[in-house]
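One structure is given here, and the rest of the page talks about it.
Chain letters run A, B, ... following the sequence lines, proteins first, then strands; residues in each count from 1. In this text the structure is predicted, and so the values were computed from the model without any measurement.
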Amino acid sequence: MRLLPFVLLAAVTLVLQVTLAPAIALTSAQFAPQLLLISAMFIALWARAESAMIGCWTLGLLLDLASGGPMGAFAFSFGLVGLGIVAVRASLFRDHLFSHILLALVFGLLSNTVASLVDAVHSGNWSLNLLLIQPLAVAFYTAMAAPYMMLLLNRFRRFMHFPERT
Amino acid sequence: MAVAFLAMWMPTRYTAPLRNLTDPILVPLSSWLAGAGQDLRRKATNLTYRPADGKTSRELRDHIEELERSVLSIQRQNDQLLEELEAATHLRTEMLGPRGRLIPADVLLRDAVPWRESRLIDRPANFEPKKQWAVSRLFIDRGRDALEPGGWSVTSLSSSDGRQLLHRSVLVGQVEHVGQVTARVRLLTDSDSRVPGQVFSAKTNRPGPTCTIVGRGPNRMVATNVARQTSREGVRLPEGPPAEVGDLVLSGPRLSGLPIQMLVGRVSEVRISDENAQVYELTVLPAVNYSDLESVFIVDPMPADGGGP
């Protein structure tokens, strides 16, 4: 995976996360898709294992930098996402939209739960809304948006210079 | 991964400066994209709008004229209330003395994480990093807005304009971190936000019990530890919950950094606390829509004499 395309992907996705995602948020509770997670999923599916984990970790760090919560929560959780997807990707049809939906739902829930657990420890707020409902709703919305964004990202796969076989 | 795991448990004051690295790049890109999006939306609205036939246009004009008459009537009532408020404020100022200033700041970005409630604002000039409060205007003075070229300027609280502005504002959050060009405001609805508050009865127009306002996510707060008052001014109060739906929730009476008690929201639900049956919890709806915050004022409690405008 080349550095410049990854940096461009990260920058564009981060900007879209803070501008487009709130605009398409649902309900007054502001459930918005996590576009950075979908990009991390894209990297983890196609890049080499080491590059995938570093890339996912970096995208998580960018999300931490653009947020007001504890630093490192999403960097850690996106790293876990990268580890998990790299471990199971050989068993998946990587181009199938059902795979994208399933991965986004499962790993979205995982990363959101880890981050919200860290938020709960820092704030002392152990409400069900923060620990379960919000992460689940955001993961679900992310899963719904994943096929569309993956369709777009797959068109630019060749610019990322992913290896032929991983 | 280990670094990230360690960073999660470090105090925020050590990790927050890292955010200064991305703000100078992220903010201009996001502003350009948001502006382009608004232009596209405006053009799309113009394309799809079809003028109604003559009958519908006449009804619309009548409706608009009726609304304008209502607005004028409300403005007259508002002016009268403002005169009374001005008299009360003048008395308080004579007793306690005005201090501080209001610094305008534009809201640039929301928090990137959906369930965290914070806003990135542009750092005002001559703004010292302290835990100042952020307020949002409740009443929009379109005439005054038109007269202020380039937006609002720093307003001293010793001036009539400054006091009026503060009294017509709603408390929305607290400055959490100040960078080189931006600052982050943690809203009252953030799960990490805990602010002393007080219930104000809309029925009796009297202050009620104190409480702690805790954020519970987007557009939602809870006032906790609301104890039932048994008597007020020597008069025994009837049994019942300490607040009713529709009561106001204000900031605490002695909140550091705020010269007056400010409106926070309105009670929408009253229930007994799960942890302690002797106290109540109130669901509080914010007085303004935090999702549409475009600009705020920072209440800077600097001395008014010789320190600023």
Side-chain angles (χ1 to χ4, degrees), chain A residues 11-12 14-23 25 27-36 53 57 60-80 82-83 112 114-116 118-125 127 129-130 133-135 137-138 141-142, chain B residues 1-12 14-16 18-23 25-34 36-37 41 108-120 176-177 184-187 190-194 214-220 222 285 289-291:
Chain A
V12 169
L14 182 61
V15 170
L16 289 177
Q17 178 71 55
V18 295
T19 52
L20 178 65
T27 77
S28 62
Q30 298 293 305
F31 298 135
Q34 282 186 307
L35 305 179
L36 278 166
M53 284 186 278
W57 184 89
L61 182 65
L62 282 178
L63 188 55
D64 281 323
L65 291 174
S67 169
M71 180 72 71
F74 277 101
F76 180 73
S77 62
F78 273 35
L80 290 178
L83 269 172
N112 292 343
V114 167
S116 60
V118 175
D119 285 346
V121 168
H122 271 264
S123 66
N125 178 5
S127 68
N129 182 51
L130 177 67
I133 296 173
Q134 294 268 3
V138 170
Y141 196 178
T142 305
Chain B
M1 286 272 288
V3 169
F5 187 77
L6 284 172
M8 280 194 300
W9 312 109
M10 288 173 67
T12 324
Y14 297 119
T15 56
L18 288 174
R19 298 200 164 100
N20 297 341
L21 296 173
T22 55
D23 289 347
I25 301 166
L26 181 62
V27 168
L29 278 173
S30 307
S31 301
W32 173 81
L33 195 64
R41 201 181 307 128
L108 301 172
L109 292 174
R110 304 173 59 106
D111 200 301
V113 178
W115 63 80
R116 289 178 184 160
E117 288 284 279
S118 72
R119 297 292 183 268
L120 201 66
E176 185 181 44
H177 165 67
R184 190 167 285 278
V185 172
R186 185 175 60 226
L187 300 179
D190 187 70
S191 60
D192 210 5
S193 171
R194 270 171 181 71
V214 178
R216 282 282 192 262
N219 291 316
R220 204 159 156 256
V222 170
L285 294 179
N289 186 358
Y290 287 5
S291 304

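A side chain to side chain contact (heavy atoms under 4.5 Å, CB included) with V12(A) holds for exactly one of L14(A), L16(A), V15(A); it is L16(A).
Proximity of N112(A) to F74(A): side-chain heavy atoms (C-beta onward) are separated by under 4.5 Å at one or more points.
D111(B) CG to Q17(A) CD: the interatomic distance, rounded to the nearest 0.5 Å, is 10.0 Å. Going from atom CZ of R184(B) over to atom CZ of R119(B) covers 9.5 Å, rounded to the nearest 0.5 Å. Separation of atoms OG (S118(B)) and NE2 (H177(B)) is listed at 11.0 Å; rounding is to 0.5 Å.
Heavy atoms of F78(A) lying under 4.5 Å from chain B are absent altogether. For L83(A), the part lying under 4.5 angstrom from a heavy atom of chain B is the side chain only. Only the side chain of V121(A) has a heavy atom closer than 4.5 Å to any heavy atom of chain B. For A21(A), no part lies near chain B; criterion is any non-hydrogen pair under 4.5 Å.
Put simply, of S116(A), P135(A), A137(A), the one with the most heavy-atom pairs under 4.5 Å next to chain B is S116(A). For the options G60(A), A115(A), G79(A), heavy-atom pairs under 4.5 Å to chain B are most numerous at G79(A). The candidate with the highest count of non-hydrogen atom pairs below 4.5 Å against chain B, out of A32(A), A75(A), S67(A), is S67(A). The candidate from A112(B), S193(B), G217(B) with the greatest count of non-hydrogen atom pairs under 4.5 Å with chain A is A112(B).
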Practice item. Please test V118(A) against F76(A) for side chain to side chain contact (heavy atoms under 4.5 Å, CB included), starting from the C-alpha separation and ending with a verdict. Key: CA-CA 11 Å; V118(A) 175; F76(A) 180 73; over 6 Å; no

